[in-house]
Amino acid sequence: MGGGGAVTPGVHALPTWVLDELAAGRGGVTAVERLRAAQHSKTLLAVRALVLLVAESGHPDEAAVQSAYQLLVSLPPADRAAALGHPPVAAWAFGTASLLRRGASAATHPGLLAAVAATAAVRTGTDADLDVPLDPGAAGHLDLPGLGTVLLPPSATRARVRVADGRARVFGAGERIDIGAGRRAGPRWRPVPRWSVAHHGLPLTLLVESRTWRHVPASDAGHRIGGTVTGVWRSRLAGAWRILVDQHRPVAAEVSAALCVLAPIPAPTDGTHSGTFHHAFGAVAMSVPPDARSAAATLAHEIQHLKLAALNDMFTLVEPGPRELFYAPWRPDPRPLEALLHGAYAHLGVAGFWRRQARMAAVPARHHAEVEFVRWTRAADDTVRVLAAQRRLTPVGRRLVDGMAGVLDRWAAEPVTPQAAVQADRLLAAHRARWEPSRTPTARTRA
């Protein structure tokens, strides 16, 4: 606890051996927990900045924000971390503080901090009486992040959340609604769905969170989030989890430790859309996958993005410089250097997934797995060579790229069937041929 009722974030370091494990595409639960701790400190700083900026600007929600902050400060560290570590809350805090710093308070909803504090009070049974401003665009919806949504009359602009004697109630526009973590859905209370599965002792639990993202500034969300997890969703995710646990246990362990929120997004015409959020550690956005194997590969891909985004918050990997654009073998458009590094790291994970699949798949599926392994190993290897030639890499960035290169060099030397190698080369060449005519004159390529 710091002076003036504020929380002092910790100081974080990453041992060299953990960095080297991350560079090899691994890291394990140890790396995930270290990255998560650093992300929590980042969120604490963002929330503290938000509180100070709200006070400096004389924002109408200042009193509610200050009361909420003091309640959060009074909680035990683990309970505070659970409240502020909810991925869309972390993204909201960072994005809101950034907008407030630029003087764009009209585009923010700092009063959500009161809803975060109310959620923490409900979950922990902490006595509280909090004034919670509602988002003007939410039509009377009170979103309690990670807990549920209270449906108040559309005329409601504020709500009162009271927790006492183990009972939690919301008051607003003449309504009184009982809420709680274990309370079933009702006409006025919609709890956040939770999806859980376990296989061979390794669990995966995801909150299916859609509502809280509406409060995140658009630049930090980046996906049109909405929808529910249906029986098809559950079946394919359960199948994906069996594949990961049975055949990719180290990846499954990282996913289990890192992911806690699933944000459903609309499905494309074919395949899967997915993504992670730089400022929302622990969340993955995904459209309903076409099958379990595709879902497993998507999770193996996205856990790489999640780790690298968190690592990049601890260390600068690429120095600022001119906006150069580079060819990426997995995109239809050229990418800046930072994004190229992200894509290479993610596809290191994709190549590793298909490498393991090729070793364990039954004969009919083995050829496809080999093709994907060769394709993404060569794509990532070519890209890492481009990255290695860039002077803008920092020492940490260069160590990361060198580690990736060592793994990819070893994989490139592994034997595969001639048929798989030929098909992989055709796919890579076809992608490059499609990209070349469509690139803009300003795109500078390094292949």
Side-chain angles (χ1 to χ4, degrees), residues 12-39 244 248-255 257-258 276 278 281 297 299-319 321 326-330 335-359 372-414 446-447:
H12 302 277
L14 199 66
T16 301
W17 71 267
V18 175
L19 176 59
D20 289 342
E21 280 290 294
L22 287 168
R26 302 184 295 262
V29 175
T30 297
V32 167
E33 293 305 326
R34 284 180 176 271
L35 294 171
R36 185 193 301 282
Q39 287 291 295
L244 288 176
H248 312 268
R249 182 82 184 207
V251 175
E254 290 183 354
V255 171
T276 51
H278 189 142
F281 184 88
L299 291 175
H301 176 127
E302 296 301 342
I303 192 67
Q304 296 295 98
H305 280 301
L306 182 145
K307 290 185 295 183
L308 189 59
L311 180 66
N312 202 22
D313 280 336
M314 294 184 73
F315 304 99
T316 300
L317 303 177
V318 177
E319 296 286 0
F326 301 83
Y327 170 69
W330 39 80
R335 305 297 284 159
L337 187 58
E338 296 85 348
L340 192 72
L341 176 59
H342 247 286
Y345 191 70
H347 283 84
L348 173 70
V350 172
F353 174 87
W354 289 112
R355 175 176 177 264
R356 291 182 293 272
Q357 284 292 110
R359 290 178 170 183
E372 293 297 291
F373 165 56
V374 176
R375 177 188 184 185
W376 298 120
T377 296
R378 292 182 180 175
D381 186 55
D382 288 346
T383 306
V384 163
R385 292 176 188 276
V386 173
L387 290 165
Q390 304 308 308
R391 295 182 179 180
R392 288 170 53 199
L393 289 178
T394 66
V396 175
R398 190 158 299 282
R399 189 169 190 125
L400 180 75
V401 169
D402 288 347
M404 294 166 61
V407 172
L408 291 164
D409 282 348
R410 291 193 296 274
W411 289 356
E414 292 184 0
R446 311 283 181 85

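Along the sequence shown, residues carry numbers from 1.
Checked by atom type and distance alone, the side chain of Gln390 pairs as donor or acceptor with a backbone atom of Val386 at under 3.5 Å. Looking only at distances, a side-chain donor or acceptor of Gln304 sits under 3.5 Å from a matching main-chain atom of Tyr345. Judged by distance alone, with hydrogens and angles left aside, the side-chain atoms of Glu254 form no donor-acceptor pair with the main-chain N or O of Val29 at under 3.5 Å. Remark: side-chain polar atoms of Arg335 are not paired, donor with acceptor, to backbone N or O of Phe326 under 3.5 angstrom. Side-chain atoms of Arg378 never come within 3.5 Å of backbone atoms of Ala412 as a donor-acceptor pair (strictly under, hydrogens ignored).
The OG1 atom of Thr316 lies 10.5 Å from the CG atom of Leu311; values are rounded to the nearest 0.5 Å. Here CZ of Arg249 is found 13.5 Å from CZ of Arg356. Values are rounded to the nearest 0.5 Å. One distance of note links NE2 of His301 with OG1 of Thr276; it measures 7.5 Å at 0.5 Å rounding. Distance check, rounded to the nearest 0.5 Å: CG of Asp313 to CG of Leu35 gives 9.5 Å.
In this structure, the side chains of His305 and His342 come closer than 4.5 Å at one or more pairs of heavy atoms. Using a 4.5 Å heavy-atom cutoff, the side chains of Phe353 and Leu244 are in contact.
Counting only N and O atoms by type, the side chains of Gln357 and His248 include a donor and acceptor under 3.5 Å apart.
Note: Trp330 and His347 have parallel aromatic rings, judged against thresholds of 30 and 60 degrees for the angle between ring planes.
Classification of Arg385 and Asp381 as a salt-bridged pair holds, one side-chain N sitting under 4.0 Å from a carboxylate O.
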